[in-house]
Amino acid sequence: MTGLIIIITLFTRAVSPAAVDIWCDTHLAEVTPYLFGSGDEMDEDFVPLAGLTPLVGETGVTMLRMGGIANEYYDWEGNDYNGVRYIDLLDTLIVPQNVQTSMDDLLQMCEANGIEPILSVNFQINDPGKAARLVEYANGDQTTPMGQVRAARGHPEPYDVVYWQIGNEPDISGLQIPIGEYTWTMYRHFGIPFGEWSGTDSVFATPEQFAQLADTYADAMRSASPIPVEIATMSLAGDLLWLKETVETCGDNTDWVDLHYYPSGTWETAPPDTSDYIEWLMSIDSGPMAFDQWYQSMVDSLDSFSGGADIDACVMEYNAIVVNPDLTWWNYIDGLFVADCLGHLAEQGCPMAGCYSIFEGSETDPSTMFGMIRGDTLSMRATAWVMKLFSQQLSGTMVLSESDASGSGYGLDVHAALRDDGKLCIMAVNKHLTEDFQTGIQLHGYTSSGYAELRDITNNAPMAAPSNGTTGIVYRGGLWGTAGGFSYTFPAASVTCLLVHPEGSGTSQSTTILDLADVHPVPASVNLTVTLVLEEPSPVELALFDASGRAALILSAGVLEAGSHTLRLDTGGLPSGSYVLHASAAGGTSTRKLVVL
């Protein structure tokens with residue numbers, strides 16, 4: 001299979017019933033603005049920077065965490081502060097290479113888009129002075145040595161970076177990753193300056209050594225900043241012994257910790273198939289790394305290790321690990337994965353989170369894994385559109401949502417929040433690749449006006465760049481229901497946002513009666529004539545919805561006077577099939593089922 005749009009059309013599209021309950025009186029957690037973050041490797045080449053900077057802003061990310069494994073092989077001061085990466089070539093050869101984007105380039109990209117940066121400092125070389133110099137470079141004024149260097153490089157004012165991390169996943173020290181016939185050993189140069197690295201090095205940090213290092217680093221970094229900084233003393237791959245040692249040793253020096261979540265995927269380079277996609281999509285909701293259970297166990301462990309101290313448990317890397325550049329997964333299906341992760345992160349009250357990663361690839365490398373943005377074409381993938389939709393619409397207080405069609409993670413998952421403006425935001429993630437869900441949505445503890453705004457992301461475009469499987473966020477218009485619920489068919493492999501308006505918002509049902517007096521001919525072929533009656537003047541909209549719930553045709557008639565009106569819809573270009581006609585006015589809606597030939 002070369003693309004999801006092929007997968008969906010080759011299989012019969014089934015339509016199954018579903019029931020969703022939104023319990024608005026059961027509050028779960030507050031949605032924080034830094035939930036909608038991303039990140040990348042510290043040495044990422046953001047090229048071309050001029051074109052990429054506005055596209056990063058278009059994704060809607062609110063926070064950008066720079067770190068990754070590359071953090072431990074990156075010298076930010078190298079090449080006259082433009083940065084050097086040290087390639088540890090299969091445990092045999094050390095190759096220094098200049099990077100194309102400097103620390104200033106990264107921070108100025110964040111400035112241009114109003115994005116909060118998180119910077120990581122290298123732990124492998126065990127140099128707290130180097131870490132402190134980076135903090136001073138970012139935050140010191142022009143009277144400080146590093147502030148003078150920054151000013152000479154064109155940025156007189158401090159960047160005022162608040163959030164920092166010490167190292168990246170120190171608990172993978174010594175991990176051996178097979179690459180063909182060779183092996184790459186993680187972090188084997190502990191305590192050795194970059195310029196002295198050797199192909200024969202084999203020195204690794206222990207949990208106890210790292211804990212002491214983190215405490216020393218944190219003191220040095222705080223001393224170098226004129227503004228208060230928030231420091232994560234641990235960025236954890238998963239070994240709780242390292243978290244325990246570090247939190248107990250650092251005490252008050254730990255403001256937050258970074259926990260990485262990769263519940264599924266494969267290191268195999270063979271192309272995945274549909275069964276792999278399903279397994280990865282399910283892993284968020286079922287299995288040993290189901291998010292809610294995993295996150296709660298990590299929070300409980302952190303609370304135990306810290307003696308109940310107020311330390312935030314953040315997730316600054318999450319995704320599936322899929323090392324094959326499979327475009328069906330990375331261009332589109334990963335967007336479904338990330339959308340469900342975002343819903344769970346919000347429900348659990350995670351303070352900060354970052355989807356890995358923001359950008360991958362180049363003009364000469366079309367085989368990109370991860371990356372909300374493709375570097376070979378500078379185009380947004382479904383994951384980027386998902387992040388934008390969530391950051392624009394999801395806010396306020398998460399409430400309990402239940403779906404009887406979740407299918408253990410391969411089906412319809414729903415997440416909802418009561419916003420401060422009184423609207424109810426419902427995010428429905430249909431992770432089933434070939435099944436639509438005809439859904440009844442019941443609202444408990446909330447009275448709606450009977451009106452909701454409808455937006456979605458669907459697999460409606462070719463899988464190749466620049467569309468990458470979707471045209472992005474599509475506004476579908478209004479959906480009419482009742483004070484206590486709605487009905488909608490959620491398409492296969494889609495992310496849908498229903499923004500429900502509250503009672504008294506000006507879109508509620510009133511005494512205005514809209515009557516569909518006549519619809520002919522039925523079946524329709526080229527034209528459909530609709531006669532309707534209004535008791536009061538009102539704006540009127542006609543819409544034809546196909547069997548999947550998609551708006552196939554919309555006509556806005558403007559404001560019509562009270563009385564009888566005849567409108568015509570051109571149905572000649574529509575596929576044959578069953579449709580539902582919705583006639584909407586300010587005071588209500590009327591529907592009629594019909595067939596188009």
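It should be emphasised that the depicted structure is a prediction, and the values quoted were computed from it without experimental measurement.
The one candidate from Val338, Val495, Leu345 that meets the side-chain contact (heavy atoms from CB on, under 4.5 Å) condition with Phe390 is Val495. Among Val299, Val315, Ile284, the single residue meeting the side-chain contact (heavy atoms from CB on, under 4.5 Å) criterion with Trp294 is Val315. Of the residues listed (Asn468, Thr59, Asn331, Thr470), the one engaging Arg381 in a side-chain hydrogen bond (donor to acceptor under 3.5 Å, both in side chains) is Asn331, and it is the only one.
A donor-acceptor pair under 3.5 Å links the side-chain atoms of Thr216 to the main chain of Gln212, judged by distance alone. Trp330 places no side-chain N or O within donor-acceptor distance of the main-chain N or O of Gly371, the cut-off being under 3.5 Å. Judged by distance alone, with hydrogens and angles left aside, the side-chain atoms of Asn319 form no donor-acceptor pair with the main-chain N or O of Cys355 at under 3.5 Å. Panel note: side chain Asp141, backbone Thr143; a donor-acceptor pair is recorded below 3.5 Å. For Gln165 (side chain) and Met234 (main-chain N/O), no donor-acceptor pair under 3.5 Å exists by modelled atom type. With hydrogens and angles disregarded, no donor-acceptor distance shorter than 3.5 Å links the side chain of Asp340 to the backbone of Gly343. Side-chain atoms of Ser304 do not come within 3.5 Å of backbone N or O of Asp300 as any donor-acceptor pair. Judged purely by atom type and a 3.5 angstrom limit, Tyr332 has no side-chain atom pairing as donor or acceptor with the backbone of Leu327.
Here Asp75 does not pair with Arg85 in a salt bridge; the nearest charged N to carboxylate O distance is not below 4.0 Å. Using a cutoff of 4.0 Å between basic side-chain nitrogens and carboxylate oxygens, Asp40 and Arg65 are not scored as salt-bridged.
Closest non-hydrogen pair, Arg222 versus Thr254, comes out as NH2-N, 4.4 Å. In plain terms, the two heavy atoms of Asp105 and Ser102 that are nearest each other are OD2-N, 3.0 Å. Annotation for Val121 and Glu72: closest pair O-OE2, 4.2 Å, computed over non-hydrogen atoms. The minimum heavy-atom distance linking Thr200 with Arg188 is given by the pair C-NH1, 3.9 Å. In terms of heavy atoms, Thr53 sits closest to Asn113 at O-ND2, 2.9 Å. In terms of heavy-atom proximity, Glu157 sits nearest to Arg150 at O-NE, 3.3 Å.
Here the side chains of Thr101 and Leu49 are in contact, with some heavy-atom distance below 4.5 Å. A 4.5 Å side-chain heavy-atom check between Asp201 and Glu196 finds every atom pair outside the cut-off. Considering only heavy atoms from C-beta on, Phe359 stays 4.5 Å or farther from Phe370 through its side chain. Leu236 has its side chain out of reach of His260: every pair of non-hydrogen atoms, C-beta onward, lies at least 4.5 Å apart.
Judged by distance alone, the side chains of Asn168 and Ser120 never bring a donor and an acceptor atom under 3.5 Å apart. Residues Asp413 and His344 have side chains that never bring a donor and an acceptor to within less than 3.5 angstrom of each other. Thr496 and Asp456 share no side-chain donor-acceptor pair at under 3.5 Å. Residues Asp104 and His155 bring no donor and acceptor atom of their side chains to less than 3.5 Å of each other. In this model, no donor atom of one side chain and acceptor atom of the other lie less than 3.5 Å apart for Asn98 and Asn82. In summary, the side chains of Thr249 and Asp215 do not present any donor paired with an acceptor at a separation below 3.5 Å, with no hydrogens or angles considered. Checking Glu30 against Thr397 by side-chain atom types alone, a donor-acceptor pair falls below 3.5 Å. When only modelled atom types and interatomic distance are considered, Tyr74 and Glu44 share no side-chain donor-acceptor pair under 3.5 Å.
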Worked verdict on Lys423 versus Glu453 for salt bridge (charged side-chain N to carboxylate O under 4.0 Å, His left out)
CA-CA 10 Å; Lys423 296 175 183 177; Glu453 301 170 36; 3.8 Å; yes
Chi angles and distances behind the side-chain hydrogen bond (donor to acceptor under 3.5 Å, both in side chains) call for Ser225, Asn139:
CA-CA 6 Å; Ser225 177; Asn139 294 351; 3.1 Å; yes
Starting from the C-alpha separation in whole Å, work towards a yes-or-no answer on side chain to side chain contact (heavy atoms under 4.5 Å, CB included) for Glu360 and Arg374.
CA-CA 6 Å; Glu360 296 293 338; Arg374 289 179 62 169; over 6 Å; no
Side chain to side chain contact (heavy atoms under 4.5 Å, CB included) for Ile115 and Met109? Distances and angles first, verdict last.
CA-CA 8 Å; Ile115 295 172; Met109 180 173 68; over 6 Å; no
Could you check Tyr163 against Glu116 for side chain to side chain contact (heavy atoms under 4.5 Å, CB included), going step by step and ending with a plain yes or no?
CA-CA 8 Å; Tyr163 295 96; Glu116 188 76 23; 3.8 Å; yes
Let's go through Arg419 and Leu499 carefully: what are the C-alpha distance in whole Å and the side-chain angles of both, what is the deciding distance for side chain to side chain contact (heavy atoms under 4.5 Å, CB included) to 0.1 Å, and is it a yes or a no?
CA-CA 10 Å; Arg419 303 195 334 179; Leu499 192 59; 3.7 Å; yes
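The distance between the ring centers of Tyr73 and Tyr86 does not fall below 6.0 angstrom. Taking the six-membered ring for Trp, Tyr262 and Trp280 have ring centres at least 6.0 Å apart. A distance below 6.0 Å separates the ring centres of Phe123 and Phe210.
Going from atom CG of Leu418 over to atom NE2 of His27 covers 5.5 Å, rounded to the nearest 0.5 Å. Taking SG from Cys497 and CG from Leu389, the interatomic distance works out to 5.0 Å, rounded to the nearest 0.5 Å.
By the 30° and 60° cut-offs, the orientation of the rings of Phe291 relative to Tyr261 is perpendicular.
Crowding of Glu363 atom CD: a count of heavy atoms from other residues, nucleotides or ligands under 6.0 Å not exceeding 12. With a 6.0 Å radius and a threshold of 12 heavy atoms from other residues, nucleotides or ligands, Tyr475 has its OH atom above the threshold.
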